Amino acid sequence: MSFKAVRGFKDILPGEVPRWIHAENTARRIFRAFGFQEIRPPILEYVEVFTRGIGQHTDIVEKEMYVFTDKNGENVCLRPEATGGVLRAVIENGLANESPILRLFTLGPMFRHERPQKGRLRQFHQMNAEVIGSHSPHADAEVIWLAWEILRACSSAELILDINSLGCPACRPPYRRALQDFLEKNAGDLCQDCARRRLTNPLRVLDCKNEACKAIVASAPHMDTYLCPACAGHHEKVREALDSIGIPSRDNPSLVRGLDYYVRTAFEISSPVLGSQSTVAAGGRYDGLLKAMEGPDLPGVGMAVGLERLLLLGGGANVSALSAGPDLFVAYLDDESLDTVLPWIIEWRRRGISVLLPYETVGLKAFMKQADRTHARFVLIIGEEERARREGILRDMATRGQSPIPFDSAVATITTILEETT
RNA sequence: GUGGGCGUGGCGCAACGGUUAGCGCGUCGGGUUGUGGCCCCGAAGGCUGUGGGUUCGAAUCCCAUCGCUCACCCCA
């Protein structure tokens, strides 16, 4: 085998596409139901679009971005997440001037140069929602609600929602300092990674899986005791809102997000059936981000659902309608018969009836096998005998019943039959 | 970047170091000349990931390399 797909990049084969389409359609329907509009930013952006927000010392920026120099010497990258591009588009096009609150969603591929494993690819797909312009905790709740609704509609797997408040520029720094002081006292017992993180990104130590670190973290100061009154109140309101919607949530003080721009609300929906990469959706509030990107000083909340992981959950609705075969398979036994049916096929196809037309004649038996394999609902048989009688044979593959179809009325008759059975 | 597991026809697998590397699924053809899904028969399809080595003899043992995969890390 000479050519292979690039590591971490996967083909989505015809057999799995119906599941993707189903998930995408479901999501689009739900986004609409929540009053969100679709936006489609490009996949390639200037590096700064992401480095501003995600944070210079996060793994994503440090080592996971597909960065390269364009022919004109500009630094561009394949987007590692959606929010940066959406916000850039909002700012560049002045969308915030058109409406005080923007509710946007987007679907598409993201790229991160990580080591592939189950539920983690280098090109993966997300469905994202962003609410721009609202400080209200109800906006946070709605974004979480949206993620929950999409997940629930696509899978019946067990889901767990964790939420936390990361504080704001007023109350996080004091906490960060307190945590850092605490970690310094225990530095000797931390794992190697955490010893490093202690200085660069102390919050991350909180969700380290190392047992020794867990033991230390257990007695570490908690963010919730440092939250300023405004943040504490906000967090409480988000929880209340989720309660009244009926979404069960779990307060998780060690929940941290990988992107620097989050303030206050951070959340994560995971499922135990996924294995190591168990997070299927996540998001949070990013109030300072628009301004940091030299846009208007507007607050925002967003979330992302991982498509591959969502599909890994399985247990969704049936997708039979999408994976069904053609309405009609045309078995023509000689060239003259093809001449007869071609005009009819033109008409059917224009009407949206799916007609599978073989490229060459084989025996009728072989045609029947082909028709069976493609799961065609009906087969139209036309050969010398039919032409002599001026009537074709329409066979219903499910019932095995056949009936003659006079040539004169063939188009209309078959159209009616096919449209009725759709 | 670090570890573990695995690389055999399109897919899933088998073959105690010993003849032409098998089986299932799939594909194609046939089972009376124009009718599918079951059954039966037959056919096509493999330099056993690659490169070295050990041996009279390697899919099988050793080394290297590449790839896949799971986990760490990180995250959707």
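Remember, predicted model here, so these are calculated numbers, not experimental data. Letters A, B, ... mirror the listed sequences (proteins, then strands); counts begin at 1.
- Without hydrogens or angle criteria, A:R285 side chain to A:V301 main chain gives no donor-acceptor distance under 3.5 Å.
- Protein atom CG of A:D396 is 14 Å distant from nucleotide atom C1' of B:U35, rounded to whole Å.
- In this structure, A:Y261 and A:Y286 have perpendicular ring planes: the angle between them is above 60°, well past the 30° mark.
- Looking at heavy-atom distances under 4.0 Å, A:E81 makes no contact with the nucleic acid at all.
- Under the Watson-Crick or G-U wobble criterion, with both distances below 3.5 Å, B:G29 is paired with B:C41.
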Could you run down the sub-3.5 Å N/O contacts of the protein with nucleotides 67-69 of chain B?
{"residue": "B:G67", "atom": "O2'", "partner": "A:K4", "partner atom": "NZ", "Å": "2.8"}
{"residue": "B:C68", "atom": "OP2", "partner": "A:R7", "partner atom": "NH1", "Å": "2.5"}
{"residue": "B:U69", "atom": "OP1", "partner": "A:K10", "partner atom": "NZ", "Å": "3.4"}

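- As rounded to the nearest Å, B:G49 and B:C11 have P atoms that lie 13 Å from one another.
- A side-chain donor from one of A:E268 and A:T279 sits under 3.5 Å from a side-chain acceptor of the other.
- Going from atom CZ of A:R79 over to atom P of B:A76 covers 14 Å, rounded to whole Å.
- Between A:E149 and A:W145, the side chains place a donor N or O and an acceptor N or O closer than 3.5 Å (distance only, hydrogens not considered).
- Residue contacts for A:I381: at a heavy-atom cut-off of 4.0 Å it reaches a base atom on one of the strands shown.
- Of the listed residues (A:E45, A:E130, A:E294, A:E48), just one forms a salt bridge (charged side-chain N to carboxylate O under 4.0 Å, His left out) with A:R88, and that residue is A:E45.
- In this structure, A:A371 reaches neither bases nor backbone, as no heavy-atom distance under 4.0 Å exists between it and the strands shown.
- B:G24 is paired with B:C11 under the criterion used here, namely a Watson-Crick or G-U wobble arrangement in which both key atom distances are under 3.5 Å.
- When heavy atoms are screened at a 4.0 angstrom cut-off, A:Q402 is found touching base atoms of the nucleic acid.
- Per the geometry, NE2 belonging to A:H113 stands 14 Å off C1' belonging to B:C73, to the nearest Å.
- Across all strands shown, B:C6 is found opposite B:G67 as a Watson-Crick or G-U wobble partner, with both distances under 3.5 Å.
- Using a 4.0 Å heavy-atom criterion, one finds that A:E385 contacts the bases of the nucleic acid, with or without backbone contacts as well.
- Using a 4.0 Å heavy-atom distance criterion, A:R395 is classed as a base contact.
- Look at B:G46: it lacks any Watson-Crick or wobble partner with both distances under 3.5 angstrom.
- Under the 4.5 Å side-chain criterion, counting only non-hydrogen atoms from C-beta, A:R377 is not in contact with A:L328.
- Residues A:F267 and A:D162 form no side-chain contact, since every pair of their non-hydrogen atoms from C-beta on lies 4.5 Å or further apart.
- B:G36 makes up no base pair with any nucleotide shown, lacking Watson-Crick or G-U wobble contacts both under 3.5 Å.
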How does protein contact run along nucleotides 43-49 of chain B, one letter per nucleotide 5' to 3', with B for base contact, S for sugar-phosphate only, - for none, heavy atoms under 4.0 Å? -------

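- In this structure, A:E38 pairs ionically with A:R40, as a charged nitrogen and a carboxylate oxygen lie closer than 4.0 Å.
- In this entry B:G1 has B:C72 as its Watson-Crick or G-U wobble partner, both defining distances falling under 3.5 Å.
- The residue among A:L307 and A:E386 whose nearest nucleotide of RNA chain B lies closer to the 5′ end is A:E386.
- Among the protein residues, A:G119 comes within range of the nucleic acid bases, having at least one heavy atom under 4.0 Å from a base atom.
- For the OP1/OP2 pair of B:C70 and a distance below 4.0 Å, the side-chain nitrogens and oxygens of A:S276 include no atom meeting the criterion.
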Evaluate the side chain to side chain contact (heavy atoms under 4.5 Å, CB included) criterion for residues A:R120 and A:R112: first the C-alpha distance (whole Å), next the side-chain angles of each, then the deciding distance (0.1 Å), finally the verdict. CA-CA 9 Å; A:R120 189 172 75 186; A:R112 260 123 93 158; over 6 Å; no

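- Taking a pair to require two hydrogen-bonding distances under 3.5 Å in either a Watson-Crick or a G-U wobble arrangement, B:G17 remains unpaired.
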